[in-house]
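Letters A, B, ... mirror the listed sequences (proteins, then strands); counts begin at 1.
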Amino acid sequence: GENVEQHPSTLSVQEGDSAVIKCTYSDSASNYFPWYKQELGKGPQLIIDIRSNVGEKKDQRIAVTLNKTAKHFSLHITETQPEDSAVYFCAASPANFGNEKLTFGTGTRLTIIP
Amino acid sequence: DTEVTQTPKHLVMGMTNKKSLKCEQHMGHRAMYWYKQKAKKPPELMFVYSYEKLSINESVPSRFSPECPNSSLLNLHLHALQPEDSALYLCASSQGILRRSSGKKNIQYFGAGTRLSVL
């Protein structure tokens, strides 16, 4: 089955700086890669996703890059703000257009220092 | 509206109790999921329902019994749980089976979870 590794496990950055979280996956059949943000006491919320036919995707301050050959993908947050503090999970799934079985990474606790 | 509603928010039960967790969505989604999340860990898939039929059971112990009465509701019946079953139980939903040509993505939307404590 799929195995997703995520680094770092914790990350502290000064407000306004950039944050980068990296994930690697093992199953070459995976071609859908969402990123979820989980705040304290809440369920995970999708913040951005990418398919394997796209190398990069950007949504305002958030971007995701994918290297399918190397089987890794990264989340980039620029101009970080205190409300970006949360746990971030990457995930991978074979997009069989049915019941996507998401395999999550181990999570990164991001702390933005004011 | 991308809301998945879970009740109750918190639940404390003894090992001999029987209780149920409920999940509801009104997005017209036809796939619904139960995940278990231990502290400081990622969500782990337990069950997937597709068009009200159980399609994936990740070898979950029989003391957890899922039920999908209709396309909007998902229940998780609990019986004779162990203290190690204490966790956050998350429900999610997604559109379900999509045609590749639709260009749509099967995004999973999560509820806030039920925090379960087994004494």
Side-chain angles (χ1 to χ4, degrees), chain A residues 1-11 21 23 25 29-54 57 59 64 66 86-111, chain B residues 2-6 9-10 23 25 29-59 68 87-115:
Chain A
E2 176 64 275
N3 181 48
V4 179
E5 296 189 358
Q6 183 172 346
H7 299 280
S9 57
T10 61
L11 180 60
I21 302 171
C23 289
Y25 63 99
S30 290
N31 57 3
Y32 174 62
F33 307 93
W35 284 88
Y36 284 86
K37 175 184 181 182
Q38 188 171 23
E39 296 176 288
L40 197 62
K42 297 184 179 180
Q45 300 298 309
L46 181 75
I47 55 172
I48 196 167
D49 57 8
I50 192 168
R51 285 198 182 283
S52 61
N53 58 348
V54 176
K57 182 178 176 181
D59 182 4
V64 58
L66 171 66
V87 179
Y88 291 81
F89 291 102
C90 62
S93 167
N96 57 12
F97 298 91
N99 307 316
E100 261 75 0
K101 183 175 173 179
L102 288 177
T103 300
F104 285 88
T106 47
T108 296
R109 180 172 298 279
L110 175 63
T111 302
Chain B
T2 56
E3 188 169 348
V4 176
T5 303
Q6 290 188 242
K9 292 191 188 306
H10 302 276
C23 175
Q25 56 87 15
H29 289 173
R30 303 308 298 271
M32 296 187 77
Y33 311 74
W34 280 116
Y35 287 84
K36 174 182 178 180
Q37 187 178 26
K38 300 285 276 184
K40 299 185 179 181
K41 297 289 187 182
E44 294 179 9
L45 184 66
M46 300 173 71
F47 303 104
V48 181
Y49 272 83
S50 177
Y51 291 77
E52 294 94 70
K53 293 191 189 316
L54 183 65
S55 60
I56 297 177
N57 177 342
E58 291 288 275
S59 302
C68 190
L88 181 68
Y89 288 84
L90 294 162
C91 173
S93 71
S94 67
Q95 281 198 288
I97 295 174
L98 300 169
R99 285 203 174 84
R100 191 176 295 271
S101 60
S102 73
K104 295 181 180 179
K105 291 178 287 190
N106 219 356
I107 296 171
Q108 291 189 27
Y109 296 93
F110 285 81
T114 293
R115 188 160 298 282

Look up atom OG1 in Thr10(A) and atom NZ in Lys40(B), then write down how far apart they are to the nearest 0.5 Å.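 If I round to the nearest 0.5 Å, the distance is 10.5 Å.
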
CZ of Phe110(B) to OH of Tyr36(A): how many Å apart, nearest 0.5 Å? 5.0 Å

Does Lys101(A) reach the side chain of Leu45(B), with side-chain heavy atoms less than 4.5 Å apart?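 Yes, their side chains come closer than 4.5 Å.
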
Chain B contact via Pro44(A) - which portion, at a heavy-atom distance below 4.5 Å: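 The answer is both parts of Pro44(A).
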
Part of Gln6(A) lying under 4.5 Å from any heavy atom of chain B: neither

Is it the case that more than 12 heavy atoms not belonging to Lys38(B) sit under 6.0 Å from its NZ atom? yes

Working for side chain to side chain contact (heavy atoms under 4.5 Å, CB included), residues Tyr33(B) and Leu102(A): CA-CA 11 Å; Tyr33(B) 311 74; Leu102(A) 288 177; over 6 Å; no

Mind listing the closest non-hydrogen atom pair of Phe104(A) and Pro43(B) along with its distance? CD1-O, 3.6 Å

Atom group of Gln37(B) that falls short of 4.5 Å from chain A, counting heavy atoms: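 The side chain, not the backbone.
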
Quick one: what part of Glu44(B) sits under 4.5 Å from any heavy atom of chain A, side chain, backbone, both or neither?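 Glu44(B) has no heavy atom closer than 4.5 Å to chain A.
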
